[in-house]
Structures are given as C-alpha cells and as structure tokens.
**Student:** 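Just passing along the structure, written as structure tokens.
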Amino acid sequence: MRSKIAAGNWKMNLDKTSAATLIEGLSLDGIGDTKVIVAVPSCYLSLALESTSDSRIIVAAQNAHHEQSGAYTGEISFQMLQSMGITHCLIGHSERRQYNGETNDIIKKKIDLCLEHGLTPIFCCGEPLEVRERELHKDYVLTQLKENILHLTTEEVSNIIIAYEPIWAIGTGVTATADQAQEMHAYLRSALANHYDSATASKISILYGGSVKPANAKELFANEDVDGGLVGGASLKADSFNAIMRSF
Ligand code: PGA
C-alpha cells in the first residue's frame with residue numbers, strides 16, 4: 001500500500017520564532033498512518049529536526065546542489081543533508097526551474113545524488129498555463145518524467161515521491177479540479193506502469209500541489225490516484241496544515 005502524505009513547503013517564509021511556533025503547533029494526534037513532511041528553509045533544518053525529535057514529523061530540505069561538493073559558495077550538498085539526518089528533499093520544484101534555471105538535466109543529476117545519499121526525493125513536475133491551454137499537459141509532464149526519473153531502476157524509483165504541481169495553480173488560489181488532478185495522476189501512474197510495471201507504479205505516492213487548502217483538500221485527496229498534497233501557503237499556519245492532515 002502506498003503512503004498517504006501531507007507535505008508542507010514553507011518556501012522562503014517565516015522568521016526563526018514563527019518557524020518554531022509553527023512546528024510546535026503541528027498536531028499528528030488521530031491522523032492514523034498519514035505521513036507528515038515539512039520542507040523548511042535550510043537555515044531552519046537543525047531547529048526543525050530538534051523540535052520534531054519526539055514526533056513522527058519528517059523534516060525535508062527544499063533543495064540541494066547537483067554536484068557532490070566543492071567551490072559552490074552558498075550551496076548545500078546532499079551529503080551534508082545526509083550527515084545531518086535529513087531523509088527527504090524537494091527536487092525540481094517549478095520555482096527553482098523558473099527562477100534558478102534548473103534544467104531537466106540538472107534535476108536528473110539531483111535525483112541521482114539524492115538517492116545515492118539515501119534520501120527520498122520529492123520530485124516535482126507540472127505544466128505552465130500556456131501548455132495546459134494548448135492541451136499539451138500530458139506530453140509536457142511525460143517529457144519531465146522521461147528526462148528526470150525514468151532512467152532510474154525499479155528499486156530506485158520505488159524510493160521516490162512524486163508531486164504533480166500544475167504551475168498555473170501554484171500560489172494563485174486557482175486549484176486544479178479534483179477531476180483534473182485525478183486525470184493527471186492516473187496518467188502519471190500509467191506512464192510509470194508502462195515503463196516499469198504496475199506493482200511498482202501502484203507503490204509510488206503521487207501528491208497534488210497547487211493551492212491546496214482545508215476547503216479543497218478532502219475532495220482532492222478522495223481521488224484514487226491522489227495520495228496527498230504538497231502544500232505551500234496553507235502550510236504556513238498550524239491550523240490550516242493540521243486540517244489538511246486530517247483530510248484523508
Ligand atoms: P501553494 O504552493 O500551495 O501555495 O500553491 C504549492 C507548492 O508550490 O508546492
């Protein structure tokens with residue numbers, strides 16, 4: 001059975017005090033086996049690890065560099081994350097593709113390094129608005145899969161989490177409808193089944209991201225192939241993220 005996952009992505013938000021308050025406000029009581037992940041800014045990784053040491057909350061990094069180590073001022077490596085006990089990292093978020101020039105080639109390198117260091121990549125994919133309007137979204141996302149993760153072995157791909165995040169829905173307040181999300185998630189899963197096999201595809205959690213909030217999470221997560229959410233804005237308040245964790 002694949003995991004149900006509520007993942008928060010804080011992006012570049014919150015000062016130290018509000019970050020600590022937010023983590024303390026998260027409550028996993030009664031959420032069953034749903035996994036809860038928070039992807040925090042790298043300067044708060046230690047703080048987040050310490051304050052979640054007696055809870056099941058998984059602390060994730062938002063990014064790491066695509067080279068092993070070296071003269072890359074300001075960057076952090078997967079090896080550093082591993083040495084700190086970080087187990088998950090976002091890779092391929094559309095904001096990094098857009099603002100930091102991350103190409104499919106760079107993202108592929110990050111996926112490989114992440115797995116090499118024993119971390120779980122939370123691999124993000126999704127199409128921009130103009131691609132959706134031209135009804136090319138399936139081809140677009142399939143190309144991302146092909147160029148970013150389909151080189152992995154069956155064993156490796158079983159260790160990743162996928163987040164489908166249509167760019168037109170991120171931070172815009174416009175959410176994909178439950179049908180649009182299910183259609184794309186089923187499509188992604190069938191692409192994985194075709195390339196690997198259906199047993200492998202059925203084990204991979206595919207999260208939806210893009211304006212998930214307490215008001216729409218239940219409807220989105222009720223779909224067979226939607227295994228949870230990657231949540232930006234609504235993960236910045238404990239109340240709303242606590243409500244999203246309870247939307248399965
Ligand atoms: P949002 O962000 O929930 O604020 O739309 C989602 C994401 O970028 O992961």
Side-chain angles (χ1 to χ4, degrees), residues 3-14 18-19 22-23 26 34-42 44-45 48 57-64 88-102 107 110-111 114 120-129 131-132 137 140-141 144-145 148-149 160-178 180-181 184-185 188 205-221 223 226-248:
S3 306
K4 293 176 284 176
I5 301 174
N9 174 12
W10 292 1
K11 307 190 181 184
M12 195 175 74
N13 291 298
L14 306 171
S18 41
L22 174 53
I23 295 242
L26 299 181
T34 298
K35 280 191 187 167
V36 175
I37 302 175
V38 282
V40 307
S42 47
Y44 301 149
L45 285 169
I57 296 173
I58 295 167
V59 176
Q62 294 179 10
N63 180 45
H88 291 64
C89 185
L90 299 184
I91 296 182
H93 192 282
S94 60
E95 286 152 14
R96 294 209 57 86
R97 293 178 191 257
Q98 188 178 349
Y99 306 131
N100 299 81
E102 290 194 5
I107 291 161
K110 291 191 185 204
I111 294 276
C114 186
T120 300
I122 303 171
F123 164 66
C124 306
C125 57
E127 80 286 353
L129 183 59
V131 169
R132 167 68 64 163
H137 43 289
Y140 187 93
V141 174
Q144 290 181 320
L145 279 200
N148 297 168
I149 61 166
I160 75 167
I161 296 169
I162 296 178
Y164 167 63
E165 300 204 300
I167 298 171
W168 46 271
I170 295 178
T172 57
V174 179
T175 316
T177 63
Q180 285 173 323
M184 282 305 278
H185 285 225
L188 288 169
S205 295
I206 307 180
L207 314 183
Y208 167 79
S211 299
V212 175
K213 33 188 182 266
N216 59 25
K218 261 205 174 81
E219 202 190 342
L220 288 162
F221 300 171
N223 292 283
V226 180
D227 305 310
L230 179 57
V231 186
S235 73
L236 295 174
K237 294 248 157 60
D239 284 357
S240 58
F241 196 50
N242 284 336
I244 289 168
M245 288 175 211
R246 287 164 178 75
S247 301
F248 290 91

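Every number for a ligand or one of its atoms is a count from 1 in the order of the listing. Residues take their numbers from the sequence shown, with the count starting at 1. Predicted model only: the values in this text are computed from it and were never measured.
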**Student:** Applying a heavy-atom cut-off of 4.0 Å, say which part of Ala169 lies close to ligand 1: side chain, backbone, both or neither.
**Tutor:** backbone

**Student:** Show me which atoms of ligand 1 lie under 4.0 Å from any heavy atom of His93.
**Tutor:** 7 (C), 8 (O), 9 (O)

**Student:** Provide, to 0.1 Å, the distance between atom 4 (O) of ligand 1 and the closest protein heavy atom, together with that atom's residue and name.
**Tutor:** Gly233 N, 2.9 Å

**Student:** A quick test of your reading: do over 12 heavy atoms of other residues, nucleotides or ligands sit less than 6.0 Å from CD of Gln180?
**Tutor:** yes

**Student:** Any chance you could measure Glu165, atom CD, to Met184, atom CE, to the nearest 0.5 Å?
**Tutor:** 12.5 Å

**Student:** Would you name the heavy atoms of Thr34 and Ala6 that are closest together and state the gap between them?
**Tutor:** CG2-N, 4.1 Å

**Student:** Give me the residue, atom name and distance of the protein heavy atom closest to atom 9 (O) of ligand 1.
**Tutor:** Glu165 OE2, 2.7 Å

**Student:** Of all the atoms in ligand 1, which lie at a distance below 4.0 Å from a heavy atom belonging to Ser211?
**Tutor:** 1 (P), 3 (O), 5 (O)

**Student:** Determine whether Arg97 and Gln144 make a side-chain contact, defined as any pair of heavy atoms from C-beta on separated by less than 4.5 Å.
**Tutor:** yes

**Student:** At the 4.0 Å heavy-atom cut-off, does Gly171 count as touching ligand 1?
**Tutor:** yes

**Student:** I'd like to check which ligand 1 atoms, numbered from 1 as shown, lie under 4.0 Å from a non-hydrogen atom of Lys11.
**Tutor:** 2 (O), 6 (C), 7 (C), 8 (O)

**Student:** Report yes or no: does Gly210 have a heavy atom closer than 4.0 Å to ligand 1?
**Tutor:** yes

**Student:** Return the closest protein heavy atom for atom 3 (O) of ligand 1 as residue, atom name and distance.
**Tutor:** Gly232 N, 2.8 Å

**Student:** Does the side chain of Leu45 come within less than 4.5 Å of Val59's, by heavy atoms?
**Tutor:** yes

**Student:** How would you list, by chain and number, every residue that makes a ring-ring contact (aromatic ring centres under 6.0 Å, His included) with Phe221, sequence neighbours excluded?
**Tutor:** Phe248

**Student:** Within the side chain of Lys213, is there an N or O that forms a donor-acceptor pair under 3.5 Å with the backbone of Ser240?
**Tutor:** no

**Student:** What is the minimum heavy-atom distance between Ile162 and Cys125, and which atoms define it?
**Tutor:** CG2-SG, 4.2 Å

**Student:** Can you sort out which atoms of ligand 1 are near Asn9, meaning under 4.0 Å from one of its heavy atoms?
**Tutor:** 9 (O)

**Student:** Of all the heavy atoms in Lys213, does at least one lie under 4.0 Å from an atom in ligand 1?
**Tutor:** no

**Student:** Specify side chain, backbone, both or neither for Ile170, according to which of its non-hydrogen atoms lie closer than 4.0 Å to ligand 1.
**Tutor:** both

